[in-house]
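Both backbone and side-chain heavy atoms feed into the values below; hydrogens, waters and symmetry mates do not. Quick note on labels: first sequence line is chain A, next is B, and so on, each numbered from 1.
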There are 2 protein chains.
Amino acid sequence: MLADKKKITIAIVDDHPIVLEGLQKVLMQAYDYVSTLCFSTGGEFLNFIKKAGTGTDIVLIDITLPDINGIDLCREVKTLSPDTCVLAFSNHNERSTIMRMLQNGASGYLLKNCTAGEVVSCINEALSGQIAFSREAREIMARPSARDWQVLPALTKREKEVLKLAADGQTSAAIAVQLHVSPLTVETHRRNLMQKFNVKSITAAVKVAMEMGLLG
Amino acid sequence: MLADKKKITIAIVDDHPIVLEGLQKVLMQAYDYVSTLCFSTGGEFLNFIKKAGTGTDIVLIDITLPDINGIDLCREVKTLSPDTCVLAFSNHNERSTIMRMLQNGASGYLLKNCTAGEVVSCINEALSGQIAFSREAREIMARPSARDWQVLPALTKREKEVLKLAADGQTSAAIAVQLHVSPLTVETHRRNLMQKFNVKSITAAVKVAMEMGLLG
DNA sequence: TTAAAAATACCGGAAAACCAGTAGAAAGAA
DNA sequence: TTCTTTCTACTGGTTTTCCGGTATTTTTAA
């Protein structure tokens with residue numbers, strides 16, 4: 001890996017200190033002139049760029065964060081600092097998640113099981129303006145399985161509530177009481193949920209939602 | 001953190017190279033005499049202890065591994081090398097998972113969001129014969145919510161099959177056809193599943209199973 | 001070999017989910 | 001303000017799940 005001569009600034013947003021340590025080590029070894037900034041929540045990083053401005057070249061963002069999800073964080077970062085390249089660094093291997101990230105302006109996607117070399121080469125690719133994927137992420141994008149094609153369905157507030165309660169084993173009647181609506185309304189939401197997830201039962205919808213990290 | 005004078009051998013089994021790097025860095029800084037051995041699959045590590053014997057003092061094991069789950073790996077390690085302390089290092093924050101790990105002989109449990117200091121102090125505790133938890137893992141153990149108390153239910157082969165097919169939205173009748181049994185048999189399995197998970201519907205069972213990583 | 005666990009299967013009935021279609025009211029965006 | 005989405009609610013009917021039991025056969029472990 002060729003070391004880059006000019007200084008670059010790389011931020012990392014991840015709530016796992018060990019991952020922070022690991023990435024720091026890898027970056028220090030790969031670049032002669034690099035400063036790494038570590039943040040463990042999305043809020044911290046947003047505050048930083050609001051104050052310190054747009055000097056960050058690259059930011060590696062985990063999808064699962066304590067305060068905000070990486071997809072929304074990506075969008076906010078690109079709004080505040082369009083020149084910062086956002087790379088997702090996550091365990092989520094659903095095509096829909098990758099798509100969402102790219103739709104929100106990300107410059108690439110790294111699976112957390114990628115090698116140190118892949119991290120560095122993806123950063124380099126992103127710096128040169130390309131879209132960068134780790135090996136496995138590229139494979140996921142290349143082999144679009146039927147299920148994966150559909151984008152993450154955008155659920156309404158009410159639908160999310162219904163889905164969550166249904167996932168806890170509550171009946172439509174019980175859900176209706178809690179949401180102060182008619183059981184018939186709940187049933188309508190149920191049907192819309194099944195349609196959006198393209199499945200034949202709420203049970204299957206819950207499974208897909210769990211896979212996509214929309215629940216629990 | 002006091003450095004330990006005598007040499008210790010620490011193995012790490014994790015399929016995320018970056019985590020391996022991070023832990024290595026942390027361990028090198030904390031101990032003067034340490035050798036770290038990295039493995040990315042459970043099989044690799046089992047082969048190693050079969051050949052090299054029982055010289056490993058500590059092994060950090062991720063629950064989610066490509067070839068075997070960390071719980072089963074823990075049991076096998078303790079069978080082959082009872083003197084090796086097994087510490088789980090995982091994202092799973094369900095009480096049931098922690099319990100399972102301890103039942104299988106683990107010396108402690110670290111959540112992946114713990115600090116570098118916690119990793120080191122847990123290793124020291126484990127070396128001195130104690131059971132070690134990271135801060136959050138300790139909290140989970142201390143505040144037993146009703147649901148969390150129950151241990152990970154041991155599902156039979158058939159139950160797993162039924163659950164998986166039900167999670168895909170299939171009806172009992174459809175499942176029966178695929179498994180070449182009576183629909184009534186499938187219904188019995190369904191009921192047993194709900195009982196084991198202590199929930200009121202298969203939908204809820206699927207959610208819990210997904211949380212515990214038993215599905216998908 | 002014997003005991004325990006798992007898989008199989010049944011009954012009848014109540015409750016709930018699912019299907020297909022429609023439609024007014026409210027909230028947000030253009 | 002107008003258009004669109006979301007939330008709301010209904011009719012009426014079919015299918016499926018869930019509940020409570022019980023019970024034989026097969027497999028597995030001691």
Side-chain angles (χ1 to χ4, degrees), chain A residues 72 75-76 79 100 103-104 150-210 214-215, chain B residues 72 75-76 79 100 103-104 150-210 214-215:
Chain A
D72 293 339
R75 191 176 47 246
E76 296 209 42
T79 308
R100 256 299 171 88
Q103 275 167 8
N104 284 351
Q150 53 176 124
V151 240
L152 195 79
L155 303 186
T156 69
K157 190 164 151 274
R158 228 29 171 181
E159 283 166 351
K160 275 182 208 156
E161 290 172 325
V162 170
L163 184 60
K164 197 179 275 288
L165 293 170
D168 285 331
Q170 308 221 36
T171 66
S172 294
I175 296 169
V177 170
Q178 276 169 83
L179 299 184
H180 309 294
V181 295
S182 156
L184 298 162
T185 303
V186 176
E187 302 245 311
T188 303
H189 286 310
R190 270 183 120 103
R191 271 190 297 157
N192 291 338
L193 280 164
M194 289 190 279
Q195 207 163 49
K196 284 191 178 179
F197 282 106
N198 191 29
V199 293
K200 294 193 290 291
S201 74
I202 276 292
T203 304
V206 164
K207 185 194 153 201
V208 177
M210 289 288 292
L214 295 175
L215 267 172
Chain B
D72 293 339
R75 191 177 46 245
E76 296 209 40
T79 309
R100 254 297 171 88
Q103 276 168 5
N104 284 353
Q150 54 177 123
V151 242
L152 193 79
L155 303 186
T156 69
K157 191 163 151 276
R158 231 21 174 184
E159 284 166 350
K160 275 183 207 155
E161 289 172 324
V162 170
L163 185 60
K164 198 180 276 284
L165 293 169
D168 285 331
Q170 309 220 37
T171 67
S172 295
I175 296 170
V177 170
Q178 275 168 83
L179 300 184
H180 308 295
V181 295
S182 154
L184 298 163
T185 304
V186 176
E187 302 245 310
T188 303
H189 287 309
R190 267 182 121 105
R191 271 188 297 160
N192 292 337
L193 279 164
M194 289 190 281
Q195 208 163 47
K196 284 191 179 179
F197 283 105
N198 190 30
V199 293
K200 294 193 291 289
S201 73
I202 276 290
T203 304
V206 164
K207 185 196 153 200
V208 177
M210 289 290 291
L214 295 175
L215 267 172

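Residue contacts for A:Arg190: at a heavy-atom cut-off of 4.0 Å it reaches the sugar-phosphate backbone alone, with no base atom in range. Nucleic acid contact class of A:Thr188 (heavy atoms, under 4.0 Å, all strands): base.
Remark on DNA chain C: of its neighbouring residues B:Glu187 and B:His180, the 5'-side contact belongs to B:His180, judged by nearest-heavy-atom nucleotide.
For the pair B:Leu193 CG and D:dC19 C1', the computed distance is 16 Å after rounding to whole Å. In this structure, CD of B:Gln195 is placed 11 Å from P of D:dG21, rounded to the nearest angstrom. D:dG21 atom P lies 15 Å from atom CG of B:Asn192, rounded to whole Å. Atom P of nucleotide C:dC18 and atom CD of B:Gln170 are separated by 14 Å, given to the nearest angstrom. The separation between A:Leu179 atom CG and D:dA9 atom C1' is 15 Å, rounded to whole Å. Straight-line distance from the NZ atom of A:Lys200 to the P atom of D:dT16: 11 Å, rounded to whole Å. Remark: P of C:dA6 and CG of B:Leu155 are 10 Å apart, rounded to the nearest angstrom. Between the CD atom of A:Glu159 and the P atom of C:dA27 there is a distance of 18 Å, given to the nearest Å.
Distance from the side chain of A:Leu184 is smallest to D:dA9 among C:dA17, C:dC19, D:dA9. Here the nucleotide nearest the side chain of A:Ser201, chosen from D:dC18, C:dC18, D:dT17, is C:dC18. Listed nucleotides: C:dC10, D:dA9, D:dT6. Nearest to the side chain of A:Thr156: D:dT6. Considering only the side chain of B:His189, C:dA7 comes nearest among C:dC10, C:dA7, D:dC10. Checking D:dT17, D:dC18, D:dG21 against every side-chain atom of B:Arg191, the shortest atom distance belongs to D:dG21. Comparing C:dC18, C:dG21, D:dC7 by their nearest atom to the side chain of A:Lys157 picks out D:dC7. When distances are taken from the side chain of B:Ile202 to each of D:dT17, D:dC18, D:dA9, the shortest belongs to D:dC18.
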Derivation and outcome, side-chain contact (heavy atoms from CB on, under 4.5 Å), residues B:Arg190 and B:Ile175: CA-CA 11 Å; B:Arg190 267 182 121 105; B:Ile175 296 170; 4.2 Å; yes
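Heavy atoms from other residues, nucleotides or ligands lying under 6.0 Å from CD of A:Gln195 number 12 at most.
Side-chain contact of B:Gln170 with B:Gln178: a donor-acceptor pair under 3.5 Å is present, judged by distance alone.
Put simply, A:Ser172 has a side-chain N or O that comes within less than 4.0 Å of OP1 or OP2 on C:dA17. For the pair A:Thr171 and C:dA15, the criterion of a side-chain N or O lying under 4.0 Å from OP1 or OP2 is not met. The phosphate of D:dA9 (OP1 or OP2) has a side-chain N or O of A:Thr185 nearer than 4.0 angstrom.
By the 4.5 Å heavy-atom criterion applied to side chains, A:His189 and A:Leu163 are not counted as neighbours. You'll find the side chain of A:Lys207 stays beyond 4.5 Å of the side chain of B:Lys207, heavy atoms only. Between B:Met210 and A:Val206 the shortest side-chain heavy-atom distance does not fall below 4.5 Å.
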